[in-house]
Amino acid sequence: MEEYREDLSETTETLGTLDFQLEQPDRKPESFLRSAINTIRGKDVTTMVEEFSSEVAMVIEGISDDQERLDRNNQKLKDQLTKLERRIYDLEKNVGKRAATVSVLRQITWLAGIIAVAVVVVAIIKMLA
């Protein structure tokens with residue numbers, strides 16, 4: 001950590017000794033760079049790096065919390081989807097059973113009708129004979 005601070009102090013000293021000379025007639029880039037250097041000179045670079053690091057750590061923690069919340073919600077949705085798929089399967093199975101029952105009832109009804117007609121026909125034939 002100490003080496004890091006020494007490197008930062010050397011960088012700060014180097015920035016302080018730089019003399020920017022631009023060959024362009026427009027002085028806006030030069031004034032921009034000078035204001036940036038003056039801003040850095042006004043603050044301790046180590047302090048700025050520590051502030052930046054703490055802010056980045058805070059943002060990363062927030063992102064991590066958001067990701068955990070999204071993962072939990074995703075798992076809940078997967079569970080609900082699985083329950084719905086099971087329910088749909090059960091309903092489809094019940095519909096199939098009901099369709100079979102309706103088909104059998106139709107057949108029984110037709111058979112009962114045929115038997116009733118046969119009984120009536122036999123009764124008419126006995127009456128006429």
**Student:** Would a single hydrophobic cluster contain both Ile125 and Val117, if residues Ile, Leu, Val, Met, Phe, Trp and Tyr are joined by side-chain heavy-atom contacts under 4.5 Å?
**Tutor:** yes
**Student:** Between Asp71 and Gln75, do the side chains contain a donor N or O and an acceptor N or O under 3.5 Å apart?
**Tutor:** no
**Student:** Give, for atom NZ of Lys97 and atom CD of Glu92, the distance between the pair rounded to the nearest 0.5 Å.
**Tutor:** 13.0 Å
**Student:** Are the charged groups of Asp66 and Arg69 less than 4.0 angstrom apart, N to O?
**Tutor:** yes
**Student:** Rounded to the nearest 0.5 Å, what separates atom CZ in Arg98 from atom CG in Leu91?
**Tutor:** 8.5 Å
**Student:** May I ask you to list the residues sharing a hydrophobic cluster with Trp110, side-chain cutoff 4.5 Å, ordered by chain and number?
**Tutor:** none
**Student:** Mind checking the CG-OG1 spacing from Asn94 to Thr101? Nearest 0.5 Å is all I need.
**Tutor:** 10.0 Å
**Student:** Do Gln107 and Leu111 pass the side chain to side chain contact (heavy atoms under 4.5 Å, CB included) test, and can you show the C-alpha distance, the side-chain angles, and the key distance before you say yes or no?
**Tutor:** CA-CA 6 Å; Gln107 291 174 358; Leu111 186 58; over 6 Å; no
**Student:** Measure from the side-chain N and O atoms of Ser64 to the backbone N and O of Ile60, and report whether any donor-acceptor pair falls under 3.5 Å.
**Tutor:** no
**Student:** Out of curiosity, Ile63 CD1 to Leu70 CG, how far, rounded to the nearest 0.5 Å?
**Tutor:** 11.5 Å
**Student:** Any side-chain heavy-atom pair from Val59 and Glu55 closer than 4.5 angstrom?
**Tutor:** no
**Student:** The criterion is side-chain hydrogen bond (donor to acceptor under 3.5 Å, both in side chains); which residues satisfy it with Asp65, sequence neighbours excluded?
**Tutor:** none
**Student:** Using the rule given for side chain to side chain contact (heavy atoms under 4.5 Å, CB included), can you reason through Lys83 versus Arg87, listing the C-alpha separation, both sets of side-chain angles and the distance that settles it, and then say yes or no?
**Tutor:** CA-CA 6 Å; Lys83 289 177 184 177; Arg87 181 70 180 141; over 6 Å; no
